[in-house]
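Atoms considered below: every heavy atom in the structure, side chains included; atoms not considered: hydrogens, waters and symmetry mates.
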2 protein chains.
Amino acid sequence: MAENIVQGLRDKIENGIVTGLFAPGERLDEVQLAKRFGVSRTPIREVLMQLSAIGLIEIRPRRGAVVVEPGPQRIYEMFEVMAELEGMAGALAARRHTEEDRADLLAAHDKCQQSSNSGDTDAYYYDNELFHGAIYLAGHSAFLAEQCTTLHRRLRPYRRLQLRVRNRMKTSFSEHTGIVEAILAGDAEAARALLRSHIAVQGDRFGDLVSTLAKREARTA
Amino acid sequence: MAENIVQGLRDKIENGIVTGLFAPGERLDEVQLAKRFGVSRTPIREVLMQLSAIGLIEIRPRRGAVVVEPGPQRIYEMFEVMAELEGMAGALAARRHTEEDRADLLAAHDKCQQSSNSGDTDAYYYDNELFHGAIYLAGHSAFLAEQCTTLHRRLRPYRRLQLRVRNRMKTSFSEHTGIVEAILAGDAEAARALLRSHIAVQGDRFGDLVSTLAKREARTA
DNA sequence: GTCAAACATATTGTATGCAAGAACGATTAT
DNA sequence: ATAATCGTTCTTGCATACAATATGTTTGAC
């Protein structure tokens, strides 16, 4: 075999959960997954253990693994924490960014502008991830970057839904511009505040999120 | 068999790492651990996978698992993030605490006062954990509470070292008093700022931490 | 007719066995 | 004598087999 079956499986299953291939609430049968991926139950079990440790699935003793369905309350809380962490990354980036970081950040921002103009939400979603990644790097805190990336992954499906909301992509991009300015100007607190409100699910946006969730719920039911 | 060997093993090994029974850098041999705990390699492997997912150990393909040694840089970063999350919890607690939370927080604070006066750093460490736990609860964000608790656990050995520094326990307790006042007064930003500087490893304290780490390093070498 | 208990089946949890790769040592050649 | 290469051994990685429990169905009794 190659080298690390488990690593590959982990990414596949995790992506399957995050993209909705495995719906929330769905029971993950070990032998089914094993057959599906052409491996034995052992690596499957190890992957499930890892995902359980991250909190993506829940393993009830003797009763199997199910994809957790984070209710609106919990999703809101996750965005809340994410907003704070991103704000922190922005503040650090404003204080610590180097010339190289500056160039990378501007390049990522340019890419966002292009995909935003093209109207391709999927492309924008990808470039948006790169943009935020550039901010993490500019913050020069490897640990913070890891935490942010992990949370970003877990929130991926919901962030994707948000972009579909009317005009959200344009608004998002214009917010980016302010964030870049604050970071490059070295204004830590401005960068923090702007990133916080960029991420946070406030006011109307929470209603949008919940209703979109409800729709998706109805579709899978 | 009982019910969940893996859960028990996970706690034991995790605690072993956190308390230093398994030293950083040490190689964790599967068969040795299996013999030690009287089980087969399978549950041991699953535990190691979980710990690897949390980041407590590192599994290098075909080369076994080693306890990760987070360098001073990384430990500093972890405290930095922790400070921000705790600050956030404090701000939320200031805004959202109920009458019940108020009572719990004051009770936890009282216990800290007692153990602080007794001079027992271990007792204070425990009560301190309860105190911070009460703040998480008062913040009414289950997700944030989980994140904080996880980080708290990972930083446990270093926090313990800090308390041994001269007068740190008294200083810590007096800081608690200010935090409690800010939270109960509903002053979110004050609570945030106080908790941030309560946790953060700033100025002299970073030097203290590094030198204490170096000493421990020399002892295990 | 309905409810409860017992048995059967399916699925999880643990152990063991087999294969492949990495580390360490020995032997040989320069 | 030293270094390099080949081989052996130890350990990880995956698969399969066995044991234990939970769930569902069927049958019997009230």
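Every residue was checked against the side chain to side chain donor-acceptor pair (under 3.5 Å) condition with B:D104, not counting sequence neighbours, and none meets it. For A:D29, the side chain to side chain contact (heavy atoms under 4.5 Å, CB included) partners at least two apart in sequence or on another chain are A:R27, A:V31, A:Q32. For A:R36, there are no side chain to side chain donor-acceptor pair (under 3.5 Å) partners two or more places apart in sequence or in a different chain. By the side chain to side chain contact (heavy atoms under 4.5 Å, CB included) test, A:Q73 pairs with A:E77, sequence neighbours left out. With sequence neighbours excluded, the residues that form a side chain to side chain contact (heavy atoms under 4.5 Å, CB included) with B:H152 are B:M82, B:E86, B:Y125, B:E129, B:H132, B:Y136, B:R159. Scored by the side chain to side chain donor-acceptor pair (under 3.5 Å) test, B:R74 finds A:E146 as partners (sequence neighbours excluded). Listed by chain and residue number, B:S115, B:D120 satisfy the side chain to side chain contact (heavy atoms under 4.5 Å, CB included) test with B:A123 (two or more places apart in sequence, or in another chain).
The line from CD1 of B:I183 to CG of B:L92 is 10.0 Å long, rounded to the nearest 0.5 Å.
Ring pair B:H198/B:H176 is perpendicular by interplanar angle, where above 60° counts as perpendicular and below 30° as parallel.
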What nitrogen or oxygen pairs link the protein and nucleotides 22-25 of chain D at under 3.5 Å?
from, atom 1, to, atom 2, distance (Å)
D:dT23, OP1, A:R63, NE, 2.8

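One can place CD1 of A:I59 at 7 Å from P of C:dG13, the figure rounded to the nearest angstrom. Rounded to whole Å, atom C1' of C:dG13 lies 18 Å from atom CZ of B:R10. At whole-Å resolution of the value, CG in A:L48 and P in C:dT14 are 14 Å apart. Summarising the geometry, the separation between CD on B:E30 and P on C:dA15 is reported as 14 Å, rounded to the nearest angstrom. Taking atom CZ of A:R27 as the reference point, atom C1' of C:dT11 lies 7 Å away to the nearest angstrom. Remark: P of D:dT12 and CG of B:L28 are 10 Å apart, rounded to the nearest angstrom. Following rounding to the nearest Å, B:L9 (CG) and C:dG13 (C1') show an atom-to-atom distance of 13 Å.
Identified under the salt bridge (Lys or Arg N to Asp or Glu O under 4.0 Å) test for residues 14-25 of chain B, with sequence neighbours left out: B:R10-B:E14, B:E14-B:R153. For residues 51-60 of chain B, the set of pairs meeting the side chain to side chain donor-acceptor pair (under 3.5 Å) definition, not counting sequence neighbours, is empty.
Comparing the start and finish of the helix from C:dG1-D:dC30 to C:dT30-D:dA1, five pairs each, the helix axis swings through 0°, to the nearest 10 degrees.
Non-hydrogen atoms lying under 4.0 Å from DNA chain C are contributed by A:R41, A:R45, all within residues 31-47 of chain A.
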